[in-house]
Undergrad: 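Below is the structure I would like to discuss, written out as structure tokens.
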There are 2 protein chains.
Amino acid sequence: MFDVFEKYLRSKAAFTAEELEQIQAVTTIKKLRKRQFLLQEGDVWTYNAFVAKGCMRIYSVDAKGVEHVLGFAVENWWTGDLQSLASGQPSRFNIDAIEDSVVLLIKKENFEHLRQIIPALHELVNAILHRSFLAQQSRIHTVISSSAEEKYRAFLQDFPEFARRIPQHMVASYLGMTTETLSRIRRNLV
Amino acid sequence: MFDVFEKYLRSKAAFTAEELEQIQAVTTIKKLRKRQFLLQEGDVWTYNAFVAKGCMRIYSVDAKGVEHVLGFAVENWWTGDLQSLASGQPSRFNIDAIEDSVVLLIKKENFEHLRQIIPALHELVNAILHRSFLAQQSRIHTVISSSAEEKYRAFLQDFPEFARRIPQHMVASYLGMTTETLSRIRRNLV
DNA sequence: CGCCGAGTTGAACTGAATCAAGAAACGTGG
DNA sequence: CCACGTTTCTTGATTCAGTTCAACTCGGCG
């Protein structure tokens, strides 16, 4: 499964064969079955995680037991809890697999070290952060200024493939509405 | 006003006197009166902007003429439209001064050049992106999982000083609710 | 085959928006 | 420094989008 990662890396920046080997040396492969946790609330997250196959979901559970989906990650996306990673504090989130998945893990210390010695990796991290920032800003903009239907339309626009792969009740939660509302919106859409 | 910026930079990383001079050489100072625009929808944003004094607001205007506030920036914060900056496309946002303000501007090309030759600046940019990412994630989490009152409580928690400085109708817009709703929440709070 | 989670539908309810009007606060010019 | 117009904020009445509750259907999996 490292080949997926290697292909991804090569597509993003010019890595030497040696650098790729260095990366591979500290990468571990984790297979997850559908519904299996990668991270549970209360645990400290200490990895950088690349999704090589499948689909992950990050979410929190509130006092009433309701799940709130913060985001998804499919092939060639990264996942994890940056907050917990940076602070060393227990995570408030859960990450689990929506499908049978394969995730590549690099321990925080190893990743930091690689980031120091491989300029291309350093740049890649910046680029990802930058892109994520823009994506989040766009999401915030949509959330504070749109109706439920508009939010779903924007979601379809931004992530057409997600609508197919991801259970509707999770999409609804991601959009900040109930399953019933999303169901009704879909009925009046097609 | 550059001294404010210098103080900020020194507090964030170890800059040499020479580096600070290089930065100063490409920094221009812009004073803005209350309500004055720093950026208007349709313009291309080509700067990095540091707020040395005062308070800025970034917002969009929808088809109905309603304003939606994406964020604020007070002293020692950065502002601008990263989307437009990165893509070279016209901005969908407006940025204006909420108070009489002073903003320091560095042209994109100059900033990029400095970022290449000053490692501390490079690190600073990363740190800011990282922090902004976490802040945005937290905001998204609040928005999709909280009632209007909870959102306002979280806002007071996160930015107590904003509640004093920023007009309520802008806060309401930032939180994705109407002025009237915020007014009623405040009444039932104190 | 039967069960269970996911999705749909309907009816009643409610939190927040809208509409409308007045009261304060603010800034600008005389 | 005061007066007047303009924003900003508040309050009440009404409406509506979206939630909640509840029942039912469908499809997949054990």
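Chain letters run A, B, ... following the sequence lines, proteins first and then strands; every chain starts at 1.
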Undergrad: Can you measure B:Asp96 atom CG to D:dT7 atom P for me and round it to whole angstrom units?
TA: 14 Å
Undergrad: C:dA17, D:dT19, C:dG10: which one has an atom nearest the side-chain heavy atoms of A:Thr181?
TA: D:dT19
Undergrad: Mind calculating the distance between CD (A:Glu149) and C1' (D:dG18) to the nearest angstrom?
TA: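 These atoms are roughly 13 Å apart.
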Undergrad: Looking at B:Thr178, does any N or O in its side chain come under 4.0 Å of the phosphate oxygens OP1/OP2 on C:dA16?
TA: no
Undergrad: Is B:Arg139 positioned over the aromatic face of B:Tyr174, cation under 6.0 angstrom from the ring centre and no more than 45 degrees off axis?
TA: yes
Undergrad: Nearest-Å distance, CD (B:Glu180) to P (D:dT14)?
TA: 16 Å
Undergrad: From the set D:dT10, D:dT11, D:dT8, return the single nucleotide nearest to any side-chain atom of B:His169.
TA: D:dT8
Undergrad: For the side chain of A:Arg187, counting heavy atoms from C-beta on, which of C:dT8, C:dA20, C:dG10 is nearest?
TA: C:dG10
Undergrad: Nearest to the side chain of B:Lys34, heavy atoms from C-beta on, is which of C:dT9, D:dC9, C:dC26?
TA: C:dC26
Undergrad: To the nearest Å, give me how far apart CD (B:Gln168) and P (C:dA24) are.
TA: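 After rounding, the reported distance stands at 15 Å.
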Undergrad: Tell me if the side-chain of B:Arg35 makes a donor-acceptor pair with the base of C:dG27, cut-off 3.5 Å, by modelled atom types.
TA: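 Such a pair does not exist between side chain and base.
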Undergrad: Return the 5'-most residue of the pair B:Ser183, A:Leu182 with respect to DNA chain D, ranking by each residue's nearest nucleotide.
TA: B:Ser183
Undergrad: Would A:Lys108 pass as a cation-pi partner of A:Tyr47, given that its NZ or CZ must be under 6.0 Å from the six-membered ring centre and within 45 degrees of the axis?
TA: no
Undergrad: Is there a donor-acceptor contact under 3.5 Å from the side chain of B:Glu75 to the main chain of B:Gly54?
TA: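 Answer holds: yes.
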Undergrad: Taking the six-membered ring for Trp, are the ring centroids of A:Trp77 and A:Phe162 within less than 6.0 Å of each other?
TA: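 Yes, the ring of A:Trp77 comes within the 6.0 Å limit of the ring of A:Phe162, centre to centre.
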Undergrad: If you look at every strand shown and take non-hydrogen atoms under 4.0 Å, does B:Arg33 touch a base, only sugar-phosphate, or nothing?
TA: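 Result for B:Arg33 = nothing.
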Undergrad: Would you mind reading off the distance between B:Leu189 atom CG and D:dT10 atom P, rounded to a whole angstrom?
TA: 12 Å
Undergrad: Rounded to the Å, how far apart are B:Ile185 CD1 and D:dT10 P?
TA: 12 Å
Undergrad: What is the distance, rounded to the nearest whole Å, between atom CD1 of A:Ile144 and atom P of C:dA16?
TA: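 It is 16 Å, rounded to the nearest whole Å.
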Undergrad: Is it true that A:Arg153 and A:Glu150 have a side-chain N and a carboxylate O under 4.0 angstrom from each other?
TA: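 Salt bridge: no.
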Undergrad: Under 4.0 Å, counting only non-hydrogen atoms across every strand here, what does B:Lys64 touch: a base, just sugar-phosphate, or nothing?
TA: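 Nothing, no nucleic acid heavy atom in range.
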Undergrad: Rounded to whole angstroms, how far apart are NE2 on B:His68 and C1' on C:dA17?
TA: 13 Å
Undergrad: Does the C:dG10 base have a donor-acceptor partner in the side chain of A:Arg184 within less than 3.5 Å?
TA: yes
